[in-house]
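Values reported hereafter were calculated over all heavy atoms of this structure, with side chains retained and with hydrogens, waters and symmetry mates removed. Just so it is clear, the model here is predicted, and its values are computed rather than measured. If you read the sequence from its start, that first residue is 1, and numbering goes on from there.
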Amino acid sequence: MDKKPVLIFDHDGTLHDSMYVFEPAVRAGEQWLKDKGYDVKPVEAKVISSCLGLNSFDMWEIFGYKADPQLREELMEVIGKEVGRLLDTGIARWFDGTEEMLDVLKVQGYHMVILSNCEKNLANYYWNHFNMEKWFDKFYDCESYGFAPKTEIVKVILNDYSGSGIMIGDRFNDLECARSADIPFIGCAYGFSKEGELDDADRIAGQPSDIPKKIKELAET
């Protein structure tokens, strides 16, 4: 690659260790259902983590709350409010080594952006909470694009940067995004992927500190 590619990072499971916020929020939702008289079977932690990185419409079907649309909407609101409350406590955290990894890439002169399935209010919160302007040019959230899939939004990003890119993420939809745009994909095995989900990645990062090396390898191919 003659020109430095724009680095397109997923957020949840790639930078953000989301279970610190999302699991307790789901537990609060379960308690809300119990208080309303529903017989609730707790969702396993591995099921919760398997939903991270999906958009909210796909996520709630996995939880099994699609039978009653009104109930699902109310439950989403309860969990969403709890996510907001937890975020306000400052509990959100990135994976260890993330800031140091981003520092390395910034010094190397890369343009970096976020592409996430999260809603706009969460994108704004993360941007401010993690002081993301220190490293990133922009946070592309799916709500701002009518909840379009990443495969559509990535075209906007590549058009904005008029060049090549590298997608970095932990889920199958990040891989699909890269393939749809014909750009390389670095799979983050420390995130929330299921077994085999990242098998077709061009490179695998076992921890955030591996990412600069993997980018260098791709740039030299």
Next on the checklist: Please determine whether residues Leu7 and Ile204 belong to a single hydrophobic cluster, defined as Ile, Leu, Val, Met, Phe, Trp and Tyr linked transitively by side-chain heavy-atom distances below 4.5 Å.
Outcome noted: no

Checklist entry - Just by modelled atom types, is the Ile48 backbone N or O under 3.5 Å from a matching donor or acceptor in the Glu23 side chain? => result no

Item to check | Nearest atoms (heavy-atom pairs only) where Pro5 meets Tyr110 | outcome: O-CD2, 3.4 Å

Checklist entry - Does the side chain of Asp17 reach to within under 4.5 Å of the side chain of Phe22, using non-hydrogen atoms? => result no

Checklist entry - side-chain contact (heavy atoms from CB on, under 4.5 Å) with Asp170: which of Ile186, Leu15, Thr14? => result Thr14

Checklist outcome for this item: Nearest heavy-atom contact between Ala92 and Leu87 is CB-CD2, 3.7 Å

Checklist entry - Between CG of Leu198 and CG of Asp202, what distance do you get to the nearest 0.5 Å? => result 11.5 Å

Checklist entry - With side chains defined as the heavy atoms from C-beta onward, is the minimum distance between Lys194 and Phe172 less than 4.5 Å? => result no

Checklist entry - For Cys118 and Ala123, which heavy atoms make the closest approach, and how far apart are they? => result SG-N, 3.8 Å

Checklist entry - With the 4.5 Å side-chain cut-off for hydrophobic clustering, are Val104 and Met112 part of the same group? => result no

Checklist entry - Taking the side chain as C-beta and beyond, is there a heavy-atom pair between Asp137 and Val6 under 4.5 Å? => result no

Checklist entry - Tyr161 and Val156: same hydrophobic cluster, using ILVMFWY side-chain contacts below 4.5 Å? => result yes

Next on the checklist: Within this structure, what is the NE2-CG distance for the pair His11 and Leu115, rounded to the nearest 0.5 Å?
Outcome noted: 12.5 Å

Next on the checklist: Please verify the inter-ring angle class for Trp94 with Phe136; under 30° counts as parallel, over 60° as perpendicular, anything in between as tilted.
Outcome noted: perpendicular

Item to check | Leu175 with Leu218, same ILVMFWY side-chain cluster at under 4.5 Å | outcome: no

Checklist entry - So which heavy atom on Val78 is nearest to which on Gly29, and how close? => result CG1-CA, 4.3 Å

Checklist entry - Which class fits the ring pair Phe95 and Tyr190: parallel under 30°, tilted 30 to 60°, perpendicular over 60°? => result perpendicular

Next on the checklist: My understanding is that only one of Asn173, Asp10, Asn117 makes a side chain to side chain donor-acceptor pair (under 3.5 Å) with Lys150; could you say which?
Outcome noted: Asp10

Next on the checklist: For the CG atom of Asn131 and the CD atom of Glu99, what is their distance to the nearest 0.5 Å?
Outcome noted: 8.0 Å

Item to check | Closest non-hydrogen atom pair between Cys177 and Ser180, with its separation | outcome: O-OG, 2.7 Å

Checklist entry - So, Glu30 side chain and Pro42 main chain: donor-acceptor pair closer than 3.5 Å or not? => result no

Checklist entry - Any ion pair linking Glu176 and Arg179 (charged N to carboxylate O, less than 4.0 Å)? => result no

Checklist outcome for this item: When rounded to the nearest 0.5 Å, the distance separating CZ of Phe185 from CZ of Arg203 is 13.0 Å

Checklist outcome for this item: One should read off an interatomic distance between Ile79 CD1 and Glu77 CD, to the nearest 0.5 angstrom, of 11.5 Å

Item to check | Beyond-backbone contact of Gln108 with Leu105, side-chain heavy atoms, under 4.5 angstrom | outcome: yes

Item to check | Check: His16 and Phe130 side chains under 4.5 Å, non-hydrogen atoms | outcome: yes

Checklist entry - When hydrophobic residues are tied together by side-chain contacts of less than 4.5 Å, even through go-betweens, does Ile183 share a cluster with Val113? => result yes

Item to check | side chain to side chain contact (heavy atoms under 4.5 Å, CB included) assessment of Tyr126 paired with Ile114 | outcome: CA-CA 11 Å; Tyr126 293 140; Ile114 298 291; over 6 Å; no

Next on the checklist: Below 30° counts as parallel, above 60° as perpendicular, anything between as tilted: where do the rings of Trp127 and Phe139 land?
Outcome noted: perpendicular

Checklist entry - Of the non-hydrogen atoms in Ala181 and Leu158, which two are nearest, and what is the gap between them? => result CB-CD1, 3.7 Å

Item to check | Heavy atoms from other residues, nucleotides or ligands near CG of Asn128 exceed 12 (cutoff 6.0 Å) | outcome: yes

Next on the checklist: Within this structure, what is the OG-NZ distance for the pair Ser209 and Lys214, rounded to the nearest 0.5 Å?
Outcome noted: 10.5 Å

Checklist entry - Are Tyr140 and Asp160 close enough that a side-chain donor and a side-chain acceptor fall under 3.5 Å? => result yes

Checklist entry - Would you call Glu197 and Arg171 a salt bridge, using N to O less than 4.0 angstrom? => result yes

Item to check | Heavy-atom check, side chain of Leu33 versus side chain of Leu75, under 4.5 Å | outcome: yes

